[in-house]
Amino acid sequence: MLSTDLAAEEKANFETVNPNNSENKEIVSGENPKSSEEKRVSSEEISSNEKNELQARADQLRKFLNEQNGLSKSTDCNTDIIFVVDRTQRSTFDFSQQLQLADNIVRGISPGDIQSGKIRLSLITFSKKPRVIIPLPINQTLNEFSIKLHSILPSHSIASIEKGINSVIDEIAANRRNDAKIVIVFIASGKLENDETFAFEKAISKFQNINNTDTFALSLNPFNDVKNLEKLTGNKWRVFIDGRVRQFPNEVITSITSCSIASREFEKQNISQQIDNSIEKVEKLTKIAKSLQTNDPFCGSDQVDFVVIFDISTSIVEEFDKQKQLVVNLVKQAPAADFGKRIKFGLTVFNQHAKTLLSLNNSMSKDDCLFAIDRIEHTGGQTSAVTGIGQSLADIQQFRRSDAKLKILIVSDGFSRDGWSRVQKAGNALRKSDAEVFAVTLNKEKSIDELAVYTDSPKKVFTEDKIELFILSAQKLIFECSKESPNPKLSDIIIAHQESNEVENIESLDKIAVELPKKPKPKGPSTTTIHPPLTTTDTIETTTGKPEYSLETTTKKEEEQHIPTLFSDDCSVDLMFIIDTSTSVTNEFQKQLQFAVDLVKRLPSDDFEKRVNVAAVSFFREAKVEFPFGKLQEKSQVLDGLFAIQHVGGSTSAVSGVKLAVDEIIRGRRKGARLMVVLISDGNSQDPWQAKF
């Protein structure tokens, strides 16, 4: 390791290179003068929800950075690598995380390639003015370069990106080796001032004339300009923002360690078929999707509005990348020429809130839609599929084409926080929209019951073992295309084997669809309850907090599927939850909480008025009563009470939780009621063994 004295010396050298430079004066003095635009951005500030989401993104990225290991592979040709860093800082992202991502690339370079001179490194920064920190001819070790990289200090002045580009052009012209490939990594937002557009376009024109280069762009700034970054790289798939950031280090290292650079024209033609998720490679699904692109399908003239409602909550974290790749593979099945014309694509994401990323009124190309999907980030949070459906239906109601077939795909595990009655109303709203609804999930733990309510049939819910068929069938089921007939039917689905040219006919979707568990018959004499027609109105809220779509139905009340054996109909039940919120259950907390929610959701709503009484206690090193017996007397209130329980971390004392629960049971238990206690914990308590008895 290098000494702290060396780090201090390098930092001092950086700060004092040119004391007359106005840019350096800003750094040394510690002053952060703000432009009018910066003041405006600061004054507007983002909402608390957005702040929480940004913090979650930062935490996720920090975890990702900590898990990265350098891939020290040797390159097979001379390569010059230039890092170009925009020093602009905003309050909405962490400047140092961008430097860490760049450092991951540096750490992935073989030290032998640096020592031999096969790879040379350069570092350029810019804000108002550019500055070459390390020219290409300067031979520095990887550690020395890393220190210089991390010593870059942010600036609150507005950056002039065209000056950074021109500085790169000058550095290449002065110091490039004739036989060397050049890899250029821009870490910049791409934002321009109004008077900089002409200068930027001129600089881009000169920059694109440089041959044998790979250019990448990275930005954690949420206020980036994607179009300018695309102009800079010449290819949108070399731009890493939002959910694509995690792919950045591996993609650049792959370029560095390979000398076979295809021409830009070839890349542009084939990039949509070469998208690859570097975090989770769903190789089998991608292979199937690509195999279907060899021949253009026959498509009729029927217009299709295709909408994806995508879950980004905590419960799908393990399968998030695979599910995102699944949607990419589905969209690939559509003919590119039909996108934005015959086929319109909409995209809504949700956790406890919802946001429409692509409205149906867009005319985006297939490639642009694929890029938008790849940008989806996993933010975590609780799950409200009803909110996602409501947000999406609001967009559909406004922009759906009257003569288009509506196809909706819900990508979620079905573990929603929503009350069962709201789930049913959302299902009714989907049916009322006359949409054909499908649901897919790759999660091992899932709620087929809830997803089947949205699709109106369990046969349209596809789990991990049936995803291949769904992708293969997408041309017919979703995009109204066929290699044989313009009017395919579900019973005529054909799939081609990957390993041969044989064709297998699937007789019916019944054979491959999951089945909804049948409701067990209650013990004792059978009874029939007739419900009168019920008019219900429910409003779904979105990220804005304002009603976006109202679910209003006049129909017979649908039967709620509930647990028939745990709670007998002829007795009262006092249900106590004891829930662990300590550090040891961090990874499983949301799933454990969801277990309690699912248990409550399955109980009939009417039982909460008198028959079922619920209380909850949480614990870490201490315990507290989340809500006592008798306080919450409606099903929706109990669900809200459970969702309000927070993971706090800390040491684990199950004894404190059990003792407090016993005290509450003694205080609030009803005479003659059956007592049920549900302890949700990993059992790793730090209490002395004697205290557990």
Side-chain angles (χ1 to χ4, degrees), residues 236-237 268-273 275 285-286 288-310 323-349 356-376 389 391-411 430 433-440 455 460 462 467 470-490 492-493:
K236 71 167 67 69
W237 297 102
K268 290 177 182 177
Q269 293 173 2
N270 293 276
I271 193 68
S272 64
Q273 298 180 11
I275 306 167
L285 297 183
T286 305
I288 296 171
K290 289 178 180 177
S291 70
L292 288 181
Q293 294 177 327
T294 55
N295 297 313
D296 290 334
F298 179 85
C299 301
S301 58
D302 291 339
Q303 294 185 328
V304 176
D305 287 345
F306 177 39
V307 177
V308 173
I309 305 174
F310 195 89
Q323 293 189 162
K324 188 164 74 170
Q325 185 67 40
L326 182 149
V327 177
V328 166
N329 289 341
L330 281 174
V331 171
K332 286 182 182 179
Q333 305 312 304
D338 285 357
F339 252 79
K341 300 173 183 176
R342 187 180 72 85
I343 298 172
K344 296 279 190 176
F345 178 68
L347 177 62
T348 293
V349 296
T356 296
L357 301 181
L358 293 181
S359 178
L360 269 179
N361 67 340
N362 78 81
S363 298
M364 294 171 62
S365 68
K366 177 179 174 179
D367 198 50
D368 287 338
C369 289
L370 288 170
F371 188 73
I373 296 167
D374 207 38
R375 289 179 61 180
I376 298 174
I389 291 168
Q391 174 76 27
S392 185
L393 285 175
D395 184 71
I396 290 169
Q397 189 178 47
Q398 185 174 2
F399 298 114
R400 178 186 180 182
R401 295 172 293 180
S402 59
D403 54 347
K405 293 182 179 181
L406 179 60
K407 308 294 181 80
I408 297 177
L409 174 65
I410 299 173
V411 184
L430 288 169
S433 70
D434 195 30
E436 188 170 11
V437 184
F438 303 92
V440 296
T455 62
K460 294 182 180 180
F462 293 83
I467 293 301
F470 185 64
I471 293 175
L472 289 164
S473 308
Q475 287 180 349
K476 290 185 176 183
L477 294 181
I478 296 176
F479 301 117
E480 299 292 322
C481 298
S482 171
K483 294 186 183 295
E484 296 182 352
S485 168
N487 296 308
K489 297 179 181 179
L490 288 178
D492 297 328
I493 297 175

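Everything quoted here is computed from the prediction, not taken from an experiment.
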Below 4.5 Å, heavy atoms only, C-beta onward: do [X] and [Y] meet side chain to side chain?
| X | Y | result |
| --- | --- | --- |
| Phe470 | Ile478 | yes |
| Lys324 | Ile373 | yes |
| Phe438 | Ile410 | no |
| Val349 | Ile376 | yes |
| Leu393 | Leu430 | yes |
| Ile396 | Ile408 | yes |
| Thr348 | Val308 | no |
| Leu347 | Val307 | no |

Is it true that a side-chain atom of [X] and a backbone atom of [Y] form a donor plus acceptor pair closer than 3.5 Å?
| X | Y | value |
| --- | --- | --- |
| Lys344 | Asn362 | yes |
| Gln333 | Asn329 | yes |
| Lys366 | Ala334 | yes |

Shortest non-hydrogen contact from [X] to [Y]?
| X | Y | answer |
| --- | --- | --- |
| Met364 | Leu358 | SD-CD2, 3.3 Å |
| Val411 | Gln323 | CG1-NE2, 3.6 Å |
| Lys460 | Val437 | CD-O, 3.4 Å |

Residue set satisfying salt bridge (charged side-chain N to carboxylate O under 4.0 Å, His left out) with Arg342, at least two apart, ordered chain then number -> Asp338
Suppose we screen for side-chain hydrogen bond (donor to acceptor under 3.5 Å, both in side chains). Which residues come up paired with [X], at least two apart in sequence or across chains?
| X | answer |
| --- | --- |
| Ser301 | none |
| Lys407 | Glu480 |
| Arg400 | none |

From Phe339 atom CZ to Ser365 atom OG, the distance as rounded to the nearest 0.5 Å:
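Answer for the CZ-OG pair, Phe339 versus Ser365, is 9.0 Å.
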So CD1 of Ile467 and CG of Leu326: to nearest 0.5 Å the spacing works out to 5.0 Å
_With Ala404 via side-chain contact (heavy atoms from CB on, under 4.5 Å) - residues at least two apart_ =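 With neighbours one apart ignored, the set is Gln303, Asp305, Arg401.
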Contacts of Asp395 meeting side-chain contact (heavy atoms from CB on, under 4.5 Å) (sequence neighbours excluded), chain-then-number -> Thr356, Ser359, Leu360, Phe399
The ring-ring contact (aromatic ring centres under 6.0 Å, His included) partners of Phe310 (sequence neighbours excluded) come to Phe320
Contacts of Phe479 meeting ring-ring contact (aromatic ring centres under 6.0 Å, His included) (sequence neighbours excluded), chain-then-number -> Phe306
Worksheet item: Going by the angle between their ring planes, with limits at 30° and 60°, are Phe371 and Trp237 parallel, tilted or perpendicular?
Response: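 The arrangement is perpendicular - the two ring planes meet at more than 60°.
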Flag the pair Lys405 and Asp434 as a salt bridge only when some basic side-chain nitrogen lies within less than 4.0 angstrom of an acidic carboxylate oxygen.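 No.
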**Request:** Kindly indicate, with the supporting measurements, whether the criterion side chain to side chain contact (heavy atoms under 4.5 Å, CB included) is fulfilled by Ile389 and Ile309.
**Result:** CA-CA 7 Å; Ile389 291 168; Ile309 305 174; 4.2 Å; yes
Verify side chain to side chain donor-acceptor pair (under 3.5 Å) between Ser363 and Lys341, making sure each step is shown before the conclusion.
CA-CA 7 Å; Ser363 298; Lys341 300 173 183 176; over 6 Å; no
